[in-house]
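Numbers restart at 1 for each chain; the letters A, B, ... are given by sequence-line order, proteins then strands.
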Amino acid sequence: MNTLLSVQDIETAYGSSQVLFGLSFEIREGETATLLGRNGVGKTTTLRSILGLTPVQRGAVHFCGQRIEAMATDHIARLGMAIVPEGRRIFPNLTVRENLLAFAGNRSKSQNPWTLQRIHALFQPLQQRSNHMGNQLSGGEQQMLAIGRALMTNPRLLILDEASEGLSPHMREEIWRCLGRLREHGQTILVIDKYVERLLSLADHHTVIERGRVAWSGSSGQLRAAPDIWQRYVGV
Amino acid sequence: MDLAFAIENLLNGLQFGLMLFLLAAGLTLVFGIMDVVNLAHGSLYMAGAYFAATFTSLCGSFWAGLLLSVAATAAVGVLLEMAVFRRLYQRSHLSQLLATFALILIFNELARMIWGAQALTLNTPPVFSRPVELLPGFSYSSFRLFIIGTGLAVAALMYLIVVKTRLGMLVRAGASDREMAITMGIDIARVFTLLFAFGAALCALAGTLLGAILEVQVGMGESILILAFVVIVIGGVGSIRGALVGALLVGMVDTLSRSLLPAALRAIMAPEAAAGVGPSLASILIYVLMAAVLFFKPRGLFPARG
Amino acid sequence: MTSHLHHPLPALRMALLLALMLLLPLVAQAFGQEYYIGVVSRMLIFALAASSLNLILGFGGMVSLGHAAYFGAGAYTVGILMQNGVLSGWLSWPLAMLVGALLACLVGLISLRTKGVYFIMITLAFAQMIYYIVIGLEVKGGDESIRLPQRSSIGLNLSSDTTFHYVVLVLVSIFLLLIHRLINSRFGRVLQAIRENETRMEAIGYPVLRYKLVCFVIAGALASFAGALLANQNQFVSPGLLHWTQSGSLLVMVILGGAGYFSGGIIGAIAVLMLEEILSAYTIHWQLILGAILLGVVLLLPNGLASCLQRGSKA
Amino acid sequence: MNADVLSLHQLVKRYGGLVATDHLDLNIRHGEIHAIIGPNGAGKTTLIQQISGAIAPDRGRICFHGQDITRTTMHQRVRLGLARSYQITSVFPACSVLDNIALAVQARRGSSMRFWKPALADGALFEEARAIGCRIGLAARLDMRAGHLAHGEQRQLEVGLALATSPALLLLDEPMAGMGDSTGMIALLDSLRNQLGIVLIEHDMHAVFQLADRISVLVSGRIIATGTAEQIRSDAQVRKAYLGDEAMA
Amino acid sequence: ADKIKIGFISSLSGSGGALGVDIRDGFQLALTNGNNKLGGLPVELSVLDDQMNPDIGRQASERLIKRDHVDVMTGMVFSNVLLPLLPAILESDTVYISTNTGPADYAGEKCNKNFFVISWQNEDLPGAMGKYVTQQNEQNVFLIGANYPGGRESIAGFKRHYKGKIADEVYVKLGQLDFSAELAQARVSKADSVFFFLPGAMGSAFLKQMDSGGLNKTMRIYAPGFSGDQDSIKAVGEPMLGMYNASQWASDLDNAENAKFVRAFEKQYGRIPTMYAAQGYDAALLLDGAVRDVKGHIEDKTAFRKALRAANFKSVRGDFKFNRNHYPIHNIHMRVVERDKQGRISNRTVGMIAKDYSDPYAVNCKMD
Ligand SMILES: Nc1ncnc2c1ncn2[C@@H]1O[C@H](COP(=O)(O)OP(=O)(O)OP(=O)(O)O)[C@@H](O)[C@H]1O
Ligand SMILES: Nc1ncnc2c1ncn2[C@@H]1O[C@H](COP(=O)(O)OP(=O)(O)OP(=O)(O)O)[C@@H](O)[C@H]1O
Ligand SMILES: [Mg+2]
Ligand SMILES: [Mg+2]
């Protein structure tokens, strides 16, 4: 399998406060990977650095064989990266339907691309609320919309930053199942989530972050076998 | 009051309203949808009128003048967007206010330096120079009818672009959360430049059409700009339907108050006093209308949802 | 402890400014340039007007495009009273403040329901109404303005520009100090937090509307007082004071100076008036240069001039 | 004896054709932690909005300590002892964490119509704020701008703001969401038990089952079941409507 | 004195900016022609902009009086700017020569030794129009004016001399540009002709809209010279052809000084001068004559004022005298807008309608 994304030794800061201190990891094509760590260790910052939203000061990021750390964010996204951001960030002045359609595309040249129908089938509430404005949705509905919006671009790399936040257990389970199916179809996925236990069965590879550095990385099997790591860096 | 007078007043109201709408149209895009408080909108309107007057007298044709003016103003718009506005999107409304105020000063002075302090000639094209007879003995300016038509057409076009097309969605998305729109892979900078140019082109259209019956002069933008803002706010910022309704409302109220109020006042007070009070009262009415609308609907008549 | 809601008094700068203002008449007289005394008094008056706007705009987050209404109301109160034979400043100045406060209360009660651009426009609407009412009223003399036969009498000879300057200096300093105390008081913190997040303030138990209204009224009274002083300086009152461009220029002063910085209104008023004074003498195309300077400042200093002087206090 | 802090009678809220709250009755006892769970879009946030006064119900009554508060404003309810947190973080982003909390403390400690004395001189205000800051686990972050906090930390502050108004009833809308390790928050809420009533909306079942004295299940604007954790866990209807398989885990 | 310091304040920007610029250009032209000397004294000229705002104007006049200590002030366009500033100017014993507005206020009892009006009393031109319209046997005139003191005074001046019936009398907000409602009223009033006083852009917009509504075919249009001058013509163009307007000056007035002025102005600025330009030019000529008469001793204020009062200069408008109130006694001519020999649209003088016209307020003035 090829490496789809590689992050090498990046350092990132907000103004004068540095958050990432030489962080590296890789994701191979078709793999499901996670970033784990307590609140505020820099998980979201890592994602922002990859997407070019917060410029990295040192280090390199490669995606699909291209160096991207100096590219414009929209350009990176069009290479085939889509994110379900922390806090959902639905467009409040677009309807549910528009939120889904405005950015639709097939950036991974997928055989079986996501369409409005498939999204509706996955998240029935969205179909019922099709003409509601984004800000008229409940928290969980917004979360579904954020996931749907990312899927609609049919990305090569799907990134989920706490995508299960605010979802009911039922719906959360639905998402996990869906991610599982996607993985079977060869979708590359990067997940950040607090339900680590569930991630163990879902993901292939884990990177644990502590204070802007990689504290541990390994496969699900290895992590399951190392509960101390878990307890020390992730809690729960 | 005879029928012709009534019809004329209605047409006048409609016409004045759509005239305001033409001006408000570009503003709806830039201010209502892109969410940039653009005081310099009036300057683009002025630029459009000056270009039209210049090109019309050079080419000898109003229509050629109009086309060239639209192109030239759109080009100015693009330049302006890339040089100034691009840096203002993420800024507060306050910065935008100050920056675009500065642009007004610059534009006015440039126009004065280039074209002189005196007004320029821009007249209605020959096709529309003659009034049309709507009723026996009652004729109405054909150019004003043309303005009515153009106003409605622009409204329809804008509605299609903003509400029905993907471009419209992207613009709205970019305006509400620029970073997220970029993260979704949209080159918002380009989209906004395009939209700004389109707004400038609408300004040129308004400047040319209105310049032909009003004036082409330095400072022509500011006096009417306030009315355009009033229109948009009454209608609900960001809503095209709102802008249209707001424009018609303001047009009607203003026209009717100007034509009916003096007569009404003369019935209850001395003509001398009525002559003094009438115009003041008529000028106040629009603002009373706006305050009343906002009192009952703090986000305008058709609040753009979001 | 640092707090972004706290604004330490830029004591050294203010002391320097005060000293400058105190000495100026003496220096000007020594050089036979009494003209500049008037220029500086005017700056002080506008500094107060702009600071009052800064209070609602910079600290309270209420962008009003109708501040000229209160400014003008103060001036007209003094003008009309004087037309009717009331010459005493002890009477007309407090009355001017009262009129401004009442007007602001009325406008505020209705406008504060709206937010953002709607608020901008509704305040403009009220100012315009007042403008047209004043134009329609027959309070004026042979022209559009009211001419004052003299400056208000307060027991000092105000017709001397120097005395007038000192009176203005004392009064404006007092009111500016008041504003400074206010923004650092409990009330000031509430105000600034409302600017940050109004809904949340409501949700932790503040009657937001009441605080905004009180602030609006205070600002109205202060602006009105500045207007009363300006009427005295000019010795006439014209509708131009009520025109929306006057509101606009106060707004420009505040934004240029730095909205939300205590010294923003002061710096802005001085900068704008000084630029006008210098540039207009230099070329008749001065507005081009002024525009370019303003544009440059916005693009380079997003938070206004005060932000570069006061970097430490508000990160 | 009336031990109920809050009681809702036949509350109705419609959004167009959608009935978000459907003739809902609910009683919250003093000192209990009452969890409200239910599928997404069931109307939980809408309920909190009505109780806190952010939106007005179409019909029905809200009583707090036996007093009808249906028509009182949000800030009055806070004064009466009702505080809420937001599902979507709502803090004062440009203010420091300490300032954030101090503002909430100030709201209840004395009048804020004071124009002369510098607020910073008011030591008690900030001491109390500091204590609350430590309690919610943000001791190391007190001087940081709230807007610069990581998402999870902002969620902590969100709860802290509500807590700082020292309410008799705390309405928490998904306080654990976005918080990686919720043990701290669970411990905090647990420590509040018996001091004040808590309405807890949460999708983290682990936390709900651990904390809640009683649980109500809300589906389509109606409460379909109320009971202890054990009762709810074993309710077939609830399992089908909401819990799915996870609760088993 | 070894030089004469002149303070020139005018509206150089804003909607009335064109007027101020014309006055300045006319004044400046006379100075240029005389090698920057007036009556043999070198001139130190400061030009300031009042932006049509009395508050700004006051700043400018303070500066000129208190800092520059000018000998003479001149240049303002609008009465609402001039009037509030005038008390301070006159109190400082500075001579003010009004180059445009001639307010009634200072024409009667309040006439002042330091105040001279080179242009006209505000009612002169509308009054002359009233007389002319009556002579034309117009019976039913529609009156429309801007709602501000100048506008109301002008309409009053017209009515003072007009003897026929008034179909309707309408006032509009100053600065209004769309006249559809007023034109509808004119139409229902069944008037035969229209007299309007709408300054600046308002006038040109009004004329354009009369034209596009076809009303200029059914009604004859009259206006005072301000609305029929070259600046309006430049804005309106052909629709103005055939419009009658009264003025104390016209570019084709037959006198040597005028011919020289018009030629020089066109050469210097590339446009036909307006009456404002002529007024500015005359102001400079007036000063030139007076300074020469006192042989440069302008520091003798009494002698200087006396020399000004004597008006010992050749006005471009022909015969010119000051009345006891220092307002003009002059002839008023009727002009009509036509194409000239080169095909340019401009005014042609039809004839004189008032000879040695003086305003009605002068009798109340106690000077002399
Ligand atoms: N805009 C900002 N300015 C300054 N510091 C910031 C900013 N955003 C985040 N930080 C700091 O950077 C650190 C890492 O934040 P980040 O959001 O990456 O954490 P995280 O691992 O995603 O946490 P969480 O699980 O809570 O979302 C935190 O300490 C936070 O306070
Ligand atoms: N302003 C509004 N206009 C129209 N519909 C709305 C509005 N606000 C909420 N809704 C709808 O009302 C329903 C209830 O919403 P609410 O936010 O109360 O759900 P919730 O139970 O909190 O869900 P979640 O667990 O996802 O946060 C949802 O279906 C939502 O789409
Ligand atoms: Mg995060
Ligand atoms: Mg919810």
Side-chain angles (χ1 to χ4, degrees), chain A residues 44 47-54 71-108 131-137 142 145-146 148-159 161, chain B residues 28-36 82 86-87 89-90 158-195 232 235-243 298-300 302-306:
Chain A
T44 302
L47 299 185
R48 289 183 63 88
S49 306
I50 295 171
L51 277 157
L53 289 168
T54 306
M71 265 186 201
T73 300
D74 56 303
H75 196 171
I76 297 174
R78 285 197 301 273
L79 291 177
M81 224 186 265
I83 183 167
V84 179
E86 187 172 76
R88 312 175 182 101
R89 297 178 77 169
I90 291 303
F91 297 104
N93 52 348
L94 266 59
T95 62
V96 169
R97 196 186 147 81
E98 286 172 340
N99 262 295
L100 290 172
L101 287 180
F103 312 93
N106 189 351
R107 292 181 186 155
S108 59
N131 290 317
H132 278 222
M133 284 303 182
N135 60 350
Q136 292 178 328
L137 296 182
Q142 289 190 17
L145 184 54
R149 180 177 65 181
L151 290 176
M152 283 294 280
T153 67
N154 292 292
R156 300 180 69 159
L157 174 62
L158 176 65
I159 305 175
D161 194 353
Chain B
T28 309
L29 291 180
V30 175
F31 167 60
I33 295 168
M34 284 159 66
D35 195 32
V36 180
M82 300 214 288
R86 192 161 279 197
R87 293 161 222 272
Y89 295 132
Q90 272 114 311
M158 295 237 320
Y159 182 78
L160 284 181
I161 290 184
V162 173
V163 179
K164 294 292 169 199
T165 66
R166 184 151 161 171
L167 179 68
M169 295 177 204
L170 296 182
V171 171
R172 280 180 285 146
S176 73
D177 189 343
R178 191 185 176 84
E179 191 181 83
M180 195 58 224
I182 294 173
T183 310
M184 293 307 299
I186 305 304
D187 186 351
I188 285 296
R190 247 216 341 256
V191 172
F192 272 29
T193 308
L194 195 71
L195 199 76
I232 289 189
V237 175
S239 155
I240 291 158
R241 189 165 49 137
R299 284 152 52 78
F302 297 94
R305 298 171 296 171

Stepwise side-chain contact (heavy atoms from CB on, under 4.5 Å) test for Leu29(B) and Ile161(B): CA-CA 10 Å; Leu29(B) 291 180; Ile161(B) 290 184; over 6 Å; no
Output yes when a side-chain donor or acceptor of Asn99(A) lies under 3.5 Å from a complementary backbone atom of Phe91(A), and no otherwise. yes
Donor-acceptor pairs under 3.5 Å, side chain of residues 150-159 of chain A to any protein atom, not counting sequence neighbours: which ones?
| unit_1 | atom_1 | unit_2 | atom_2 | d |
| --- | --- | --- | --- | --- |
| Thr153(A) | OG1 | Ala150(A) | O | 2.8 |
| Asn154(A) | OD1 | Trp114(A) | N | 2.7 |
| Asn154(A) | ND2 | Gly105(A) | O | 2.7 |

What part of Val171(B) gets closer than 4.5 Å to chain A, counting heavy atoms only: side chain, backbone, both or neither? neither
Would a 4.5 Å heavy-atom cut-off, applied to side chains only, mark Val163(B) and Arg241(B) as touching? no
With sequence neighbours excluded, residues passing side chain to side chain donor-acceptor pair (under 3.5 Å) with Asp161(A): Thr44(A)
What part of Ala102(A) lies closer than 4.5 angstrom to a heavy atom of chain B: side chain, backbone, both or neither? both
Residue Leu51(A) versus chain B: region with a heavy atom under 4.5 Å: side chain
Against chain A, label Arg166(B) side chain, backbone, both or neither, depending on which of its atoms sit under 4.5 Å from a heavy atom there. side chain
Answer key: most heavy-atom pairs under 4.5 Å with chain B among Met81(A), His75(A), Arg107(A), Arg89(A) is Arg89(A)
Greatest number of non-hydrogen atom pairs under 4.5 angstrom with chain A, of Leu167(B), Leu170(B), Ile188(B), falls to Leu170(B)
Check step by step if side-chain contact (heavy atoms from CB on, under 4.5 Å) holds for Leu47(A) and Glu86(A). CA-CA 10 Å; Leu47(A) 299 185; Glu86(A) 187 172 76; over 6 Å; no
By residue number, those in residues 178-185 of chain B with heavy atoms under 4.5 Å from heavy atoms of chain A are Glu179(B), Met180(B), Ala181(B), Ile182(B), Thr183(B), Met184(B), Gly185(B)
Please report the C-alpha distance between Asp35(B) and Tyr89(B) in whole Å, then the side-chain angles of each, then the deciding distance to 0.1 Å, and finally whether the side-chain contact (heavy atoms from CB on, under 4.5 Å) criterion is met. CA-CA 8 Å; Asp35(B) 195 32; Tyr89(B) 295 132; over 6 Å; no
Just jot down the side chain to side chain donor-acceptor pair (under 3.5 Å) partners of Asp187(B), sequence neighbours excluded, or say none. none
Applying side-chain contact (heavy atoms from CB on, under 4.5 Å) to Leu195(B) and Val30(B), what does each step give before you reach the verdict? CA-CA 8 Å; Leu195(B) 199 76; Val30(B) 175; over 6 Å; no
Side chain / backbone / both / neither for Arg48(A) at chain B, heavy atoms under 4.5 Å: side chain
